[in-house]
There are 2 protein chains.
Amino acid sequence: MIATALNVSAATVSNALAGKGRISAELIDRIRAKADELGYVPSSAARALRTGHTRVLGLVLPDISNPLFPQIAQAIEYAASASGYGVLIADSRGSVAMQTEAINRLIERDVDGIVIIPRLGTRIVDIGRPLAVIDSPSTPNSTVSADHWQGGQLVMEHLAALGHQNFVLIGNNPASNVQNDRIGGMKSRVPAGGKAEILWIEQHEQAHGKASPLRLAEKVERGATAFAAVSDLHALRALTELQNAGIAVPGRASVAGFDDLAWSAMITPALTSVRMDVATIARIAIDALLCAIEADTAADATRGVVSAETTSVPMTLVARQTTGVLTAPTHPEKTPAGEPA
Amino acid sequence: MIATALNVSAATVSNALAGKGRISAELIDRIRAKADELGYVPSSAARALRTGHTRVLGLVLPDISNPLFPQIAQAIEYAASASGYGVLIADSRGSVAMQTEAINRLIERDVDGIVIIPRLGTRIVDIGRPLAVIDSPSTPNSTVSADHWQGGQLVMEHLAALGHQNFVLIGNNPASNVQNDRIGGMKSRVPAGGKAEILWIEQHEQAHGKASPLRLAEKVERGATAFAAVSDLHALRALTELQNAGIAVPGRASVAGFDDLAWSAMITPALTSVRMDVATIARIAIDALLCAIEADTAADATRGVVSAETTSVPMTLVARQTTGVLTAPTHPEKTPAGEPA
DNA sequence: CTGAAAGCGCTTACAG
DNA sequence: CTGAAAGCGCTTACAG
């Protein structure tokens, strides 16, 4: 320890810097001064070895194809660093096997806990340390998530209020709990007398070939006026396909999505979307983790998944296409601040 | 050390597991067996304390608004973990001040080196450990980057081959080296007799208000037939605005971008784009870092930024709008594999 | 071929 | 109020 040599004391420095033990104010000041004069940075390795805690968390993410990744990763990193924790990332790109491997890499690095957004259909096993799962409330062992079902209700209520009756709900993969919740919520709010057809893109592409058109123009001809996708990504695909077919949006059809991605407000027309409160979700996940980590320290009891019941965080509608097809909108919609590039 | 108690030896285990020292093959086998029977994971903290290396790298990224973030972060993480290193992320969201703070957080965590994608106009100072900068070849101290200039030439050559003569080049911020390189490359290949106008979105919005239309239809009326943006993000904005104005793409105008984002191939019409080879860039950055880290270990000489000259990695054109406006295409374009959701 | 010893830089009781 | 001592779990020379 550098400060030792330069002053009088030994590991009083540790106490001084940590505010532990009773040290005279004057000495503390002198030590502090010396410390940042020398640019002293305590060795985290030594500290970790001694205390048994690295103050590093792991973040395991499914493949990047989900463009929500940056939002949530940023939120997690922010929440963690606000609590003095670092975040080690581990992309489980590819397979479920890679997810397991990613987790092992984190364990080898002695993370104090792990936040995981699991791959589809993965059941996370006991990991020997605290774990917070972010997925959907329908996923067993999920710790926290957006209330995707309620989010689905929000879009559908909004579209119904604009006078729509004939919906196409667009999803990618029926095996996804998140997507099913969103679509379930939408269906639960289809207005009386209205109809909603579900289009699963993956199935469509298996039948018609990769990246083939979704044939949405045909749906419009058969009466559909509103397209609600489980992601802005699919909403964008729908929007451009409609536009390209000469169908005016929102003139002849409305398009809505989920997640309020970076470009959703920038395109023409801007997409109506539903967004999750990533900051709150991250905060809850991190808090749950830290709480379990402390419990681990105190008694060695509380291991494994953080909490049995999922906390659901409400989602928010961002209404950007407020012109109805059949009916003029009668109530003012909430409009959020714009999103620059 | 657990294995000790269960066998006969002491810290021979260390040597056995590491393959150092000369241990009998038989003993090594027995130790290995015991080790994974007990699920033994060596303490990285203790090892770091002893060896002086954490085998963790830091990754500092500018604000998420750049949708290239996931691609590059994934590539870095992949390259690092392939070399046995972990990656601690630090989002420098917000200001330059936060970037400095992010770097400090990483230093406190004892990373062996840092990969940074610096914020606009930031000059990175000496950090006391190896540093790799990913930016543009025009940025001083940049270690590795895509050859944005050449990428610009690729799009322009492609558009010119389709018969275009009248271009609108769309950028966001003229202070960005990356954007300037891309636009510079484009301008350098405008065909003889052709003309190119530059539209800087940030300036446009300062003049006309946030998220205001880019008035591209007017440009088409005045003869523009090709819109080339420095990012697929802006290309998307242009595309939707044109389509919304009833201008057929690619019938009456072509739209091209950069970075080949996840959705670029999925929209209608798909965007022609130029992509960087993120895997190679990440590999070069990581290799440079590891090399400097080893040098650090051997002699304490080579500190600071990894290499004086920037390595430029060529970009690749992904041609998806191959129909010319004035001329039918005469040469076959390269078409890449499609990009599923 | 294998073991005993020292030490990486901290923190945490425990004496003074 | 401050210091001396032990120990976290490894690895690395160095003896046997």
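By convention in this document, chain letters (A, B, ...) are assigned in the order of the sequence lines, proteins followed by strands, and residues within each chain are numbered from 1.
Among the atoms of the strands shown, base atoms are found under 4.0 Å from some heavy atom of B:Arg50.
The distance from atom CZ of B:Arg47 to atom C1' of C:dC8 is 14 Å, rounded to the nearest whole Å. What separates CG of B:Asp110 from P of C:dC10 is a distance of 9 Å, to the nearest Å. Rounded to whole Å, atom P of C:dC10 lies 16 Å from atom CZ of A:Arg55. Going from atom CD of B:Glu108 over to atom C1' of C:dG9 covers 16 Å, rounded to whole Å. Rounded to an integer number of Å, the gap from CZ of A:Arg109 to P of D:dC10 is 15 Å.
A:Ser83 and A:Arg283 share a donor-acceptor pair across their side chains, judged by distance under 3.5 Å alone. Neither side chain, B:Thr54 nor B:Asp110, offers a donor N or O lying under 3.5 Å from an acceptor on the other. If you check the side chains of B:Asp181 and B:Ser136, you find a donor sitting under 3.5 Å from an acceptor.
The side chain to side chain contact (heavy atoms under 4.5 Å, CB included) test with B:Ile281 is passed by exactly one of B:Ile286, B:Val144, B:Thr311: B:Val144.
For D:dC14, the paired base is C:dG3 (Watson-Crick or G-U wobble, both distances below 3.5 Å).
Between A:Tyr40 and C:dG9, a side-chain N or O to OP1/OP2 separation shorter than 4.0 Å is absent.
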